[in-house]
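Below is one structure, written out as structure tokens; comments come after it.
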Amino acid sequence: MSLKIGVHGLTSCYGCQLKMASVKEIINIARNFDIKYWYMISSKGEIEHVDIAFVEGSVTTKEDERELKIIRENADILVAVGSCAIHGGVQGILFGEEYEKAFKEVYGDKKIEYEAEISHPIKNFVEVDYNLPGCPPEEDEIIYYLATFALGSYPEEKDYPVCSECRRNGYPCVLIEKNDCCLGPLTVAGCNARCLKYGISCIGCRGALEEIAWFDSLAKTFKEKNMGEEYVKSRMEIFGKQYEKMEEMLKKVFENED
Amino acid sequence: MRYVKITNEKIYDFLERLKNYGKLYAPVKISDKFYDRKEIEDVREIAFEYIRTLMPAKKYFVSPTEKMFEIDIEKGEYKETLENIEPFVIFGMHACEIVGLRILDGVYLDKYPDIYYKRKRDAGIIVGLSCLPDEYCFCNLTRTDFVDVGFDLFLHELPDGYLVRVGSPNGHKIVDENTDLFEEVDKNDIDAFRAFEEKRQEMFKWEGSFDNMRYILELTMEDEVWDEEVEKCFGCGNCTNTCPTCRCYDVQDIPDIDGKKAKRIRFWDSCQFRGHGLVAGGHNFRGTKRDRFLNRYICKNAYFYGLGTSYCVGCGNCTYFCPANIDYLKNLMKIRSMTEVKNG
């Protein structure tokens, strides 16, 4: 019997779903899984009990939160897909007072139907079983996750940084050679160091490694390379703003003038 | 040992002829600062002046990623994937890396040889090349600055060519089949060889022996010298990935989407990664960055009984390729209370 799956999108660019829908093996996914809900592919279908729910997007409205909870209640396994769902995404960059200020600037006092709130990763509201990282996730990982579930097993999440793949591929290290503000050392591998292949430094789109992203160590090196706090912070914040210890780690490095 | 000479005029002919013995890999400049080994089309591209490559030569014997098995899940069967390995020639390996390869041999070719490694090792011809140390080199301390075995040919720079040591039956074969390229070594060549070796020894920055490093390290693991160094570390694994003797790999099964077939792959792992010490049940033998950081120092300085040296071959790659500027050698020197003897 094939596994029942659902694919859901909260607040995001829908790029993760698009990636999932456009993998080469999409026909084989359709053949081997019973797709109960996938709004991007068909407007038919309602949220019902599934074996695995894939959720992309962050929670930025009450509606998102409500929908997410229904998805969770109806899924045996819930997979957070992509940087928005896992880390709050780029939209998670506005936090606290900064958020209030930006909201006022854009909407003024206007009343809007879906009032946006600070963007949160879905783990802040429901229990997440697995993370499928990426912005969007890579084709081989999408297949790997689905295939391991189909076998009654589970995917092994990558727990090492982009540098590992950069070295395995023999790409020159742009941090050493060009003094670039490369975030590869913090960032979950899996992209096969795609940007580094073209000599473009990592911006951290796959998200920081949980608990082992050493923002402080990296910032210290950047500081020694004469990069300013504002620049380093602005770059690390794009995908890392909601990483719990980032602010504190950066403060420690830049306030400690030696 | 047999010694012959090749002059500079004939060196490119020689390199061209090496292609008769297999695909030729040699160091080329790949960017402003880095060299790496690539397959060579035009032998004039080869960078004789290189000191270290971004990826050690181990990449030709232990692939960064390789398929091990094909698995038929329905039948419950698997078979080893033994792809056809064409003969190949690695030109320009320095002494440290050749010792590194012998260390890998000791690990992979024991009583239960690793078939994937062995097949590549059997297919590879090694041509060594002499070198002068830079400030990162310390192979004199690890006693890996000269090799007597582990190569087929070894070229030592002379003012007008190379003194060639012939180190294996394959090496003899290459010389015998290309006698027009080689000549006898004369007294001037021997003097030049001696002078080169002497100059080389004088260029090393440090003197002494690393033989008891392991024990000193074990006794000083709590030393505060390490605190700052651990703090600097990104845990990126560059040190182990660029090390000629690091050989840890991870294994993963990748099923097909229909669940009928799967492949087993292995790829370079690193003790600097959290998952390296993680075992079933969730226990981690190296749960902190400090554990992982020190593990490399201890492991590299362990004694390899096969050669009577440490697992560290003194190449300096881990320092040169560390994006966090962690100086492996200086840290060892601090712990050993050794001081620099020359300016290099």
Side-chain angles (χ1 to χ4, degrees), chain A residues 2-3 23-29 31-33 140 142-144 146-153 155-178 182 184-186 189 192 199 209-218 220-221 224-225 252, chain B residues 29-38 53-56 59 63-65 73 228-243 250-262 267-270 272-276 278 284 287-289 292 320-326:
Chain A
S2 32
L3 288 175
V23 295
K24 276 188 230 111
E25 300 218 52
I26 184 65
I27 298 296
N28 285 329
I29 294 177
R31 273 191 198 128
N32 291 293
F33 294 85
D140 62 339
I142 293 169
I143 301 297
Y144 170 66
L146 282 166
T148 49
F149 287 132
L151 278 177
S153 179
E156 197 183 338
E157 294 176 19
K158 292 195 170 75
D159 194 36
Y160 47 80
V162 171
C163 300
S164 60
E165 292 173 339
C166 188
R167 284 296 72 67
R168 277 184 231 149
N169 283 312
Y171 304 145
C173 176
V174 295
L175 204 162
I176 298 174
E177 190 166 40
K178 300 189 197 159
C182 184
L186 303 172
N192 213 11
L209 286 152
E210 206 61 52
E211 291 167 12
I212 49 166
W214 309 105
F215 286 95
D216 47 356
S217 315
L218 191 57
K220 189 168 182 288
T221 295
E224 279 160 16
K225 291 178 187 282
K252 187 177 78 185
Chain B
K29 203 162 199 286
I30 59 159
S31 60
D32 288 346
K33 220 177 157 183
F34 301 132
Y35 294 88
D36 206 358
R37 283 195 188 79
K38 302 267 176 205
T53 51
L54 181 66
M55 292 175 89
K59 71 174 176 178
S63 302
T65 306
I73 297 167
E228 198 188 326
E229 298 302 309
V230 171
E231 182 95 14
K232 280 193 214 166
C233 178
F234 306 161
C236 71
N238 271 12
C239 47
T240 63
N241 280 334
T242 61
C243 174
D250 197 1
V251 174
Q252 200 176 27
D253 290 347
I254 314 270
D256 286 351
I257 193 72
D258 59 11
K260 288 178 183 154
K261 290 200 162 60
F267 49 93
W268 290 359
D269 197 359
S270 171
Q272 304 305 300
F273 300 159
R274 179 170 53 185
H276 189 271
L278 184 68
N284 198 322
T288 67
K289 183 159 68 155
R292 298 188 281 273
Y320 189 83
F321 294 111
C322 175
N325 291 320
I326 295 167

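Model, not experiment: these values are computed from the prediction. Side chains are part of it too, since the values below use all heavy atoms of this structure and drop only hydrogens, waters and symmetry mates. Lettering of chains follows the sequences in order, A, B, ..., and the numbering in each one begins at 1.
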Query raised in the report: Which atoms of A/L175 come close to chain B, meaning under 4.5 Å heavy atom to heavy atom: side chain ones, backbone ones, both, or neither?
Result: side chain

Report task. Between chain A and each of B/I257, B/D258, B/I254, count heavy-atom pairs under 4.5 Å; write down the option with the most. Result -> B/I257

Query raised in the report: Highest number of heavy-atom pairs under 4.5 Å with chain A: which of B/H276, B/Q252, B/Q272?
Result: B/Q252

Query raised in the report: Only one of A/C166, A/P185, A/S164, A/C163 clears side chain to side chain contact (heavy atoms under 4.5 Å, CB included) with B/N238; which?
Result: A/C163

Requested in this report: Could you tell me whether a side-chain N or O of B/K59 sits under 3.5 Å from a main-chain N or O of B/R37, the two making a donor and an acceptor?
Outcome: yes

**Report entry** Top contributor to chain B interface from A/D159, A/V162, A/L186 [non-hydrogen pairs under 4.5 Å]
**Finding:** A/D159

Report summary line: Taking every heavy atom of A/S217 against every heavy atom of B/K289, the minimum-distance pair comes out as OG-NZ, 3.2 Å

Query raised in the report: Using non-hydrogen atoms only, which part of B/I73 is less than 4.5 Å away from chain A: side chain, backbone, both, or neither?
Result: side chain

Requested in this report: Could you grab the distance from atom CD1 of A/I29 to atom CD1 of A/I142, nearest 0.5 Å is fine?
Outcome: 7.5 Å

Report task. Measure distances from B/N325 to the heavy atoms of chain A and classify the residue's part below 4.5 Å as side chain, backbone, both or neither. Result -> side chain

**Report entry** Interface moiety of B/T65 toward chain A, non-hydrogen atoms closer than 4.5 Å
**Finding:** side chain

Requested in this report: Name the region of B/D253, side chain, backbone, both or neither, that has any atom closer than 4.5 Å to a heavy atom of chain A.
Outcome: backbone

Report summary line: Bottom line for A/D140: the part with an atom under 4.5 Å from chain B's heavy atoms is neither

Query raised in the report: Given a strict heavy-atom distance threshold of 4.5 Å, which part of A/L151 is in contact with chain B: side chain, backbone, both, or neither?
Result: side chain

Query raised in the report: Most heavy-atom pairs under 4.5 angstrom with chain B, which of A/Y171, A/F215, A/F149?
Result: A/Y171

Query raised in the report: Checking B/F273 against chain A: side chain, backbone, both or neither under 4.5 Å from a heavy atom?
Result: side chain

Query - Taking every non-hydrogen atom, the tightest pair across B/I30 and A/P172 - result: CD1-CG, 3.8 Å

Query raised in the report: Do the ring planes of A/Y160 and B/F267 sit parallel (below 30°), tilted (30 to 60°) or perpendicular (above 60°)?
Result: tilted

Requested in this report: Output yes when a side-chain donor or acceptor of A/Y144 lies under 3.5 Å from a complementary backbone atom of A/E156, and no otherwise.
Outcome: yes

Requested in this report: Identify which part of B/S31 has an atom lying under 4.5 Å from any heavy atom of chain A, answering side chain, backbone, both or neither.
Outcome: both

Query raised in the report: Would you say the side-chain atoms of A/E165 pair up with the backbone N or O of A/A189, donor to acceptor, closer than 3.5 Å?
Result: no

Report task. Please flag which part of B/T53 lies under 4.5 Å from any non-hydrogen atom of chain A: side chain, backbone, both or neither. Result -> neither

**Report entry** Approximate separation, where rounding is to 0.5 Å, of B/D36 CG and B/L54 CG
**Finding:** 5.0 Å

